[in-house]
2 protein chains.
Amino acid sequence: MVDVAREAGVALRTVSRVVNQDSTVGPELVQRVRAAIADLGYRPDERARHLRLGVTGTLGAAVRQLSHVNPVLRAVERAARAADLMVLAASTEDDENLERHVVESMCRRRFDGIVLEPIGDDHGYLVPELAAGLSLVAVDRPVLGLDVDCVLSDNRSGIEKAYRHLVRHGHDRIAYIGDDERIYTARERAMAFRGCVAAHGGPLDTMLHTGQVESGRIREAVRAALSGAAPATAIVTGNAQLSVEVLRHLGADAVDVALIGFDDSELATLLRPDLTVVAQDTDAIGSTAIDMLRARIADPATEVRTVTVPVELITRGSGEIPPAT
Amino acid sequence: MVDVAREAGVALRTVSRVVNQDSTVGPELVQRVRAAIADLGYRPDERARHLRLGVTGTLGAAVRQLSHVNPVLRAVERAARAADLMVLAASTEDDENLERHVVESMCRRRFDGIVLEPIGDDHGYLVPELAAGLSLVAVDRPVLGLDVDCVLSDNRSGIEKAYRHLVRHGHDRIAYIGDDERIYTARERAMAFRGCVAAHGGPLDTMLHTGQVESGRIREAVRAALSGAAPATAIVTGNAQLSVEVLRHLGADAVDVALIGFDDSELATLLRPDLTVVAQDTDAIGSTAIDMLRARIADPATEVRTVTVPVELITRGSGEIPPAT
DNA sequence: ACCTTTCGAGATAACGTTATCCCATCATGG
DNA sequence: CCATGATGGGATAACGTTATCTCGAAAGGT
C-alpha cells in the first residue's frame, strides 16, 4: 500500500480512501491511484482491514458433513449473501472434538457469528466464548444446558402427522425405525412415536427400533417389525438415510407395506411407489437462522429465542398403501 | 493480551510465549499466565497472528454446491486436516460471477491456497492473483487458458470403458445422454462417446443427446433413443443426476434396456437392477489436490502439473442386460 | 573469586490496514 | 481585500500479534 502511495505520489491515507470508494478524492487522483494499484499488482489484505475495523463480515457454518445433501446450509448461504455476509463452512463429521476445534478456530478468527449444528451433550467450551460476545445460533438441534438461540423443526408434530395419516388409512400396527437416540432429533422423534403409540393403545416392543444407522441392524429391525404374530403393516423411518436402508431391505415388499419417511429427498419421486415424507421447511430454517444471528450481532442483548419451524406431510403414494388383510 | 500481562505481572512477550507453548518459560510463570488468561477470558486473535506471521494455515474450497453430495470435498477436508490445515468452503452455485467473488474474497483473506471447481471459460481475474503468488489447484475441470495445477478424472477412458463393456455384452446401438457441452466434463465425455461411435462404425444422429439437465429434455432424449427403426438397446448417461432422470423416464423399461451411469451414488444399489457405473476415484482426487497445493505453497516455483486420475467400471447388473432381440 | 555459559524475560519494532486530527488550498461573501 | 467555510489530502496513532535484540541473573568451571 505504501508502495502504491509512492508510485501514485500520494499519501497512504489517500490510497485507502480510493480502495474504499471514499468520495472525497479528486477524479484525477483516483485515476493515478488506480493505475498504480494495477501496475504494482496491489491486493488489499482483509486480515489487517478486519483487525483495524473489528468486524470481519464473515459467518461460520459448522455442519455435520459439507459433502452431504444439506438444504439448510444452502438456505443459510443464500440468506447470508443477501445480507452481504460471507459464509465459510467446515465439517464437524459428527465428532464432538472436531466440532470444538472448528468452532474455536472460527472464534479465534473472529467470525462475526456462527451457525452450528451441535453434536453431543457437552458444549461447555462455548461458555467463555459466549461470555466474550460470540454470536451463535444452533440449527436442527439445541445446545443443551446453554442459553443459546436455536432453530428447530417440529419433530414431534412430524411424527404425529405421519402416525395419524397411517391410522387414517386403516393401519393399526405401525413400526418406527429410527437413528441412535443419543442424537437429539432421533430422541425427539422416537419419544413422539412412543407418545403416539401410547395414545393409540398399541404394543410398543416390536414396533420401535432405534440405534446406529448400520445396514445389518436395519435389516434386522425390518424383519422384526414385519414378522411375528402381529406384524406391522406400516413403517415410519427416522431420517432420509434410514428410508433408503429400509427400502433396500423391504425389496419387493415395498409395494405392500406403507412407508413414510422423515426428510424429503430427490429419490422420493424416483421409487415406485413414490415416497410419502415428512418434509422440513429447510428454507425457513436457514433464513430464520441468519435473521436471528444478524439480530444478535446487531444487539448482543437481544433476548435468546428458540424458534420451532413447522413440518409438512407430502403424500406421494407409499404412505397411502392400505394394510394387508 | 496486555491486560493478561499486567494481571500476571509479566511482559507481553511472555504471554505470547505461553500461548504458543514456547519452552523457555518457567513453570510457575506459565501457571500465573494461564490463570490470568482464564480470569480475564482472553481469547487470542488469529487475525493479528496471521497478519504478523504472514501465513494463515487456511485453505479455501470453492465448490459448485456445498449442500450437494461431493465426495471430493470430503477427501479434501480429510487430507487437509491430516496436514493440520483448516479448510473453509463456500459455494459458487455454478455462477461465474459468484465464483469470482468467492475466490477474490479468499485471496483478500490471504488463504494459503485455494481448491477450485472452475466454472465457465474466462478466468482472467485469476491472472493478477496468480502473479501475486496465489497457490491454486483446480479439480474436476481445468482452468482454460491459464497454466494452473489441475486434478481431473479420466473422462475419456470412463466413456470408453462403458462403451466397450456394452459392446462386449452384445450391444450394437448404444445411446449417450449427457449434460450441456458448455460444461467441460460434459464436453469431454460427449467427445469420447463420438470417438467410440466413430471407431465402432455406428450412426450418431439418434444416439447422442446433450443439453441442460431438464426433465422434459431427458424424457424426449430417452424416447428418441428408444424409438425409430433401429432403437438403442443400451444407454450411457453423463452424470449421476442424469442417471436418475433417465431411470425416471425409463420406468418399467429399466429391466430391458442396459444402462451405465457416470458417477457412483448411494442409490446405485437401491434400484433393481443395481446400477452399473463409471466411478471416479474421489478420494484420490481430493488427496492429490491437497498434495499438489501443499507442494506449491511450499515452493511456488514447482512445475505446474495436470494429474489425471483413473476411473473404474463397477458392474452391478444394469450394464449387463443383454440387447433385446 | 572471577569469568563464561545458559536460561528466562522485557523493550521495541514490525505486519497492513483505517480513523483521527490537522493543515493546505480555494472559492465565496461581507 | 480579508475572513470564513468547504474541500481535499497528509502525518500519526492505533488494532493484536510475534520476532529481534538486549539484558539480568543464576549456574558452573577454572
Side-chain angles (χ1 to χ4, degrees), chain A residues 1-37 40-58 104-112 128-129 132-134, chain B residues 1-37 40-58 104-112 128-129 132-134:
Chain A
M1 201 162 179
V2 65
D3 293 340
V4 172
R6 189 170 346 105
E7 172 87 5
V10 299
L12 206 59
R13 182 77 183 88
T14 304
V15 178
S16 171
R17 276 197 264 250
V18 171
V19 171
N20 293 299
Q21 326 232 20
D22 192 321
S23 61
T24 69
V25 185
E28 80 288 4
L29 270 204
V30 171
Q31 281 309 318
R32 285 227 308 272
V33 173
R34 286 260 152 77
I37 286 175
L40 276 62
Y42 163 76
R43 304 171 315 147
D45 187 326
E46 293 272 354
R47 295 173 298 187
R49 179 158 201 275
H50 294 161
L51 181 60
R52 178 65 235 238
L53 255 47
V55 297
T56 57
T58 311
E104 288 185 337
S105 281
M106 288 173 171
C107 289
R108 283 196 301 268
R109 284 176 165 78
R110 292 295 186 272
F111 284 8
D112 291 345
E129 303 292 353
L134 169 64
Chain B
M1 200 161 178
V2 66
D3 294 340
V4 172
R6 189 172 344 106
E7 172 87 4
V10 299
L12 205 59
R13 183 75 185 88
T14 304
V15 178
S16 170
R17 278 195 264 251
V18 170
V19 170
N20 293 296
Q21 327 232 23
D22 192 318
S23 61
T24 70
V25 185
E28 81 285 5
L29 270 204
V30 171
Q31 281 309 319
R32 286 226 310 272
V33 173
R34 286 256 152 79
I37 287 175
L40 275 63
Y42 163 75
R43 303 172 315 145
D45 187 327
E46 293 271 355
R47 295 172 299 188
R49 180 158 199 276
H50 293 161
L51 181 59
R52 179 62 236 240
L53 256 47
V55 297
T56 57
T58 311
E104 287 184 338
S105 282
M106 289 173 171
C107 288
R108 283 195 302 267
R109 284 176 165 78
R110 293 292 188 273
F111 285 6
D112 292 345
E129 303 292 353
L134 169 64

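Chain A is the first sequence line, chain B the second, and so forth, proteins listed ahead of strands; every chain is numbered from 1.
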Study note, to complete from the structure: Testing D/dT17, C/dT17, D/dG16 for proximity to the side chain of B/Pro44, the answer is D/dT17
Revision key, fill the gap. Scanning both residues in full, the closest heavy-atom pair of A/Val15 with A/Met1 reads CG1-CG, 3.9 Å
Point to revise | Exercise: identify the closest heavy-atom pair between A/Arg34 and A/Val18 | key: NH2-O, 4.0 Å
Check your understanding: Quick one: which of C/dC15, D/dT17, D/dA19 gets closest to the side chain of B/Leu53?
Key -> D/dA19
Might you list the N or O atoms of the protein lying below 3.5 Å from N or O atoms in nucleotides 5-7 of chain D, with each pair's distance?
none

Review point. Is the closest side-chain heavy-atom distance between A/Arg49 and A/Val19 below 4.5 Å?
Key: no
Exercise for review: Would you give the length of the straight line joining atom CD of A/Glu129 to atom CE of A/Met106, rounded to the nearest 0.5 angstrom?
Suggested key: 12.5 Å
Practice item. Mind checking salt bridge (Lys or Arg N to Asp or Glu O under 4.0 Å) for B/Arg52 and listing every partner two or more places apart, or none if nothing turns up? Key: none
Check your understanding: By side chain to side chain contact (heavy atoms under 4.5 Å, CB included), which residues pair with B/Arg110, not counting sequence neighbours?
Key -> A/Arg43, A/Asp45, A/Arg47, B/Thr56
Check your understanding: Rounded to the Å, how far apart are B/Gln21 CD and D/dT18 C1'?
Key -> 15 Å
Exercise for review: Measure the distance from CZ on B/Arg110 to P on C/dC15 and round it to the nearest whole Å.
Suggested key: 14 Å
Check your understanding: To the nearest angstrom, how far is A/Arg47 atom CZ from D/dG16 atom P?
Key -> 17 Å
Study note, to complete from the structure: Nucleotide by nucleotide, nucleotides 5-14 of chain C touches protein heavy atoms under 4.0 Å in the pattern (B base, S sugar-phosphate only, - none) ---SBBB-BB
Practice item. Return the angle between end axes of the helix from C/dA1-D/dT30 to C/dG30-D/dC1, with five pairs used per end and rounding to 10°. Key: 50°
**Study point:** Separation of atom CG in A/Leu51 from atom C1' in C/dA19, rounded to whole Å
**Key:** 14 Å
Exercise for review: Return no unless some side-chain N or O of A/Ser16 is found under 4.0 Å from OP1 or OP2 of C/dT18.
Suggested key: yes
Practice item. Please state whether the phosphate of D/dT18, meaning OP1 or OP2, lies under 4.0 angstrom from any side-chain nitrogen or oxygen of B/Arg49. Key: yes
Review point. What is the distance from NE2 of A/His50 to P of D/dT17, rounded to the nearest Å?
Key: 17 Å
Study note, to complete from the structure: Whole-Å distance, A/Asn20 CG to C/dT17 P, equals 10 Å
Review point. What closest approach, in Å, do B/Leu134 and B/Cys107 show between heavy atoms, and which atom pair accounts for it?
Key: CD2-SG, 3.7 Å
Review point. So what does B/Arg43 touch, heavy atoms closer than 4.0 Å: a base, only the sugar-phosphate, or nothing?
Key: sugar-phosphate
Practice item. For residues A/Leu29 and A/Val10, report the shortest heavy-atom separation together with the two atoms involved. Key: CD2-CG1, 3.8 Å
Exercise for review: For B/Ile37 and D/dT17, give me the distance from atom CD1 to atom C1', rounded to whole Å.
Suggested key: 13 Å
Practice item. Ignoring hydrogens and angles, state whether a donor on the side chain of B/Arg109 or B/Thr58 is under 3.5 Å from an acceptor on the partner side chain. Key: no
Review point. Rounded to whole angstroms, how far apart are CZ on A/Arg108 and C1' on D/dT17?
Key: 14 Å
Point to revise | Where A/Leu51 and B/Ala48 come nearest, the two heavy atoms and their spacing | key: CD1-CB, 4.0 Å
Check your understanding: Restricting to pairs with a member in residues 6-18 of chain A, which pass salt bridge (Lys or Arg N to Asp or Glu O under 4.0 Å), not counting sequence neighbours?
Key -> A/Asp3-A/Arg6
